[in-house]
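A short worksheet on the structure shown next.
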Amino acid sequence: MTQPSAPEFRRDPVSGWWVIVAPERSLRPLSLEGSSPRHRAETDRETCPFCQGREASTPGETFAIREAGIAPNAPGWQLRVVPNMFPAVRPAAANASGEGLFQALSATGRHEVVIEAAEHIVNPVLLSDDQFRDIFIAYRERLLAHAADPALQSVSIFKNVGAEAGASLGHCHSQIIALPLVPEQIGRELRGSSNYLHGTGRCVFCDLVKAELAAGVRVVAETPGFAAIAAYAGRFNHETWVLPKQHASRFETLSDSQAAELAELMKRLLRAFDRVLGEPAYNWYLHAAPLRSAEMPHYHWHLELIPRTARPAGFEWGSGCFLTSVSAETAAAQLSAHC
């Protein structure tokens, strides 16, 4: 089999998992390379392709929040969504390849970047309340847009902050990858929550939120509609989940007022990360129901936040079991004191 030049899904012949081989990703600029713990990226301000006034440095926008009457792809915007110049997947017809044990598919889908501020802001907690709210509105609107394509089944939305977390540019941004399949991690959650519903008649996420709020020992912060909870069996120190208190499987149902409330909670949580952990690199990612699904009684959308304060090593990669050194109860106590 020849080496892929275009992005390609490959299936492991033993475990069945899928990976994406995307050679173009090696070409992306790495202005944060070698930074520790989180490079503030002030040095790339003069050349940053995401700053207002450099719209020609990115592909044309697919969504924007901008001043009325201002033309697309011109200054005057608050947030832009553009195709990724170094995509992991491409919008194209799917083609199968491989033989015998070795199965492959062209890696089709859409890969976008959410540029979260016109100004060169590198720490998300410095975004205004409106800017932070607009991130979640953009997520919602792009989910709705990608749901119109019947070839797409799910959308992975994530944010990398700091080189250790995989960020290549400092300017506040997150990424959206729309896929023609449901990733295994989401599939595992869907299966587990469905099994719980069949056994109990209840949503496991709703039960989790109710139990955690009642006990209080792992609650980091809350608002009337959302709870931030230190993950009971987190894979990383201080791993925290943010969940709506009311059942909702589809992030697309989020209202503008809920987006503002979620943004307020997330800013509190990220400030606490900075204070407790010394401005760590971190990831967040959104887990939500597959595209075009009806409201699922067993599933609950949620955000997972992973501070990168330690690296997985041989045991984790070899066994799939993660080691941590801070209990969820200790993490909640440390973070809640600063929320």
Side-chain angles (χ1 to χ4, degrees), residues 6-7 20 22-33 35 38-39 41 44-45 47-66 72-92 107-124 126-127 131-147 149 152 154-163 165-179 183 251 259 263 266 281-286 288 291 303:
I20 300 175
E24 284 183 327
R25 297 290 288 162
S26 66
L27 303 177
R28 61 195 175 126
L30 297 172
S31 69
L32 299 189
E33 189 71 16
S35 58
R38 190 201 302 163
H39 180 50
D44 67 353
R45 181 186 297 271
T47 59
C48 175
F50 292 165
C51 285
Q52 184 166 235
R54 300 196 184 101
E55 292 78 16
S57 298
T58 68
E61 63 198 41
T62 57
F63 174 82
I65 298 174
R66 60 171 58 254
N73 303 306
W77 51 276
Q78 288 78 51
L79 174 149
R80 298 177 77 223
V81 180
V82 301
N84 195 303
M85 290 185 67
F86 307 96
V89 293
R90 294 177 180 174
T108 61
R110 297 186 182 273
H111 190 170
E112 299 176 319
V113 178
V114 181
I115 304 172
E116 298 166 351
E119 314 95 312
H120 192 76
I121 297 174
V122 298
N123 187 345
L126 299 179
L127 295 169
Q131 286 173 316
F132 220 118
R133 175 205 62 205
D134 288 347
I135 296 171
F136 299 119
I137 290 175
Y139 290 178
R140 179 191 69 198
E141 295 305 309
R142 296 314 294 158
L143 279 164
L144 289 168
H146 291 309
D149 184 347
L152 300 174
S154 67
V155 175
S156 178
I157 300 179
F158 58 95
K159 182 176 181 66
N160 306 327
V161 175
S168 56
L169 292 173
H171 191 126
C172 280
H173 68 285
S174 44
Q175 297 183 60
I176 298 171
I177 301 183
L179 297 167
F251 191 81
M266 290 288 286
Y282 59 84
N283 306 97
W284 85 44
Y285 41 86
L286 172 67
L291 295 173
L303 285 159

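Quick note: residue numbers are just sequence positions, from 1.
Within the 3.5 Å criterion, the main-chain N or O of A117 finds a donor-acceptor partner in the side chain of H171.
In this structure the side chain of I135 reaches within 4.5 angstrom of the side chain of L127, judged on heavy atoms. Using a 4.5 Å heavy-atom threshold, the side chains of M85 and P59 count as touching. Under the 4.5 Å side-chain criterion, counting only non-hydrogen atoms from C-beta, V81 is not in contact with E141.
Residues meeting the ring pair (Phe, Tyr, Trp, His ring centres under 6.0 Å) test with F251, sequence neighbours left out: W301. Not counting sequence neighbours, the partners of N283 by the side-chain hydrogen bond (donor to acceptor under 3.5 Å, both in side chains) test are N160, R308. Here N73 pairs with R80 under the side-chain hydrogen bond (donor to acceptor under 3.5 Å, both in side chains) rule; sequence neighbours left out. For R66, the side-chain hydrogen bond (donor to acceptor under 3.5 Å, both in side chains) partners are E61, not counting sequence neighbours. For the salt bridge (Lys or Arg N to Asp or Glu O under 4.0 Å) test, residues two or more places apart in sequence or in another chain that qualify with R140 are D256. Partners of H146 under the ring pair (Phe, Tyr, Trp, His ring centres under 6.0 Å) rule, at least two apart in sequence or in another chain, do not exist in this structure. Residues satisfying the side-chain hydrogen bond (donor to acceptor under 3.5 Å, both in side chains) criterion with T62, sequence neighbours excluded, are E112. By the side-chain contact (heavy atoms from CB on, under 4.5 Å) test, A118 is found to be paired with Q52, W77, residues two or more places apart in sequence or in another chain being considered.
Evaluation of the salt bridge (charged side-chain N to carboxylate O under 4.0 Å, His left out) test over residues 47-57, restricted to residues two or more places apart or in two chains, returns none.
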Go through Q131 and Q78 one step at a time and tell me if the side chain to side chain contact (heavy atoms under 4.5 Å, CB included) criterion holds.
CA-CA 7 Å; Q131 286 173 316; Q78 288 78 51; 5.7 Å; no
Test side chain to side chain contact (heavy atoms under 4.5 Å, CB included) on R142 and I157; report intermediate values, then the result.
CA-CA 10 Å; R142 296 314 294 158; I157 300 179; 6.0 Å; no
Candidate pair S174 and Y139, rule side chain to side chain contact (heavy atoms under 4.5 Å, CB included), full reasoning
CA-CA 10 Å; S174 44; Y139 290 178; 2.9 Å; yes
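Just one of L179, T108, N84, L152 meets the side chain to side chain contact (heavy atoms under 4.5 Å, CB included) condition when paired with V89; it is L179.
Remark: M266 CE to K159 NZ distance equals 9.0 Å, nearest 0.5 Å. Note that CG of L79 and CD1 of I115 are 8.0 Å apart. Values are rounded to the nearest 0.5 Å.
Between F136 and F132, the ring planes lie tilted relative to each other; the angle falls in the 30° to 60° range.
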